[in-house]
Amino acid sequence: FIQMIKILMHGCNGKMGRMITEIAKQDQDVEIVAGVDKYTAVANEYPVFETISECDVDADAVIDFSNAGAVDELLDYSVQQDCQKSSLQG
């Protein structure tokens, strides 16, 4: 039995974030459970937070397509989550 991987999409409303969201919809083994983006006016099927520190949704992995200015906060968040999340940066 393979458990669905729950993903936090960091930078969800940018060009690559939107592309990953569309790809994830087609994959039955993954689900984007939350997103983080300063720009929140895009309609998503998952909750979107302006900062990662506001995010209260449990996820197995983080995919990061944000900008360099957001990395420090993302790393702090990952440490707070006991480094159990895999961080992929594009």
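The figures that follow rest on heavy atoms only: side chains count, while hydrogens, waters and symmetry mates do not.
- Side-chain contact between L74 and D64: present, with at least one pair of heavy atoms (C-beta onward) separated by less than 4.5 Å.
- At a threshold of 4.5 Å between non-hydrogen side-chain atoms, the residues L8 and F49 do not count as touching.
- To the nearest 0.5 Å, atoms CD1 (I63) and CD1 (I7) are separated by 4.0 Å.
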N/O donor to acceptor pairs below 3.5 angstrom from side-chain atoms of residues 35-44, sequence neighbours left out:
from, atom 1, to, atom 2, distance (Å)
D37, OD1, Y39, N, 2.9
D37, OD2, C12, N, 3.4
D37, OD2, N13, N, 2.8
N44, OD1, R18, NH1, 2.3
N44, OD1, Y46, OH, 3.4
N44, ND2, N13, OD1, 3.0
N44, ND2, V42, O, 3.2

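- Put simply, SG on C55 and CD on E50 are 13.0 Å apart, with the number rounded to the nearest 0.5 Å.
- G17 and M9 get closest at one heavy-atom pair: CA-CE, 3.9 Å.
- Listed by first then second residue, pairs satisfying salt bridge (charged side-chain N to carboxylate O under 4.0 Å, His left out) with a partner in residues 20-31 read E22-K25, K25-E45, not counting sequence neighbours.
- Of all heavy-atom pairs between H10 and S66, the closest is ND1-OG, 3.1 Å.
- Atom-to-atom distance recorded for D76:CG and I52:CD1 is 10.0 Å, nearest 0.5 angstrom.
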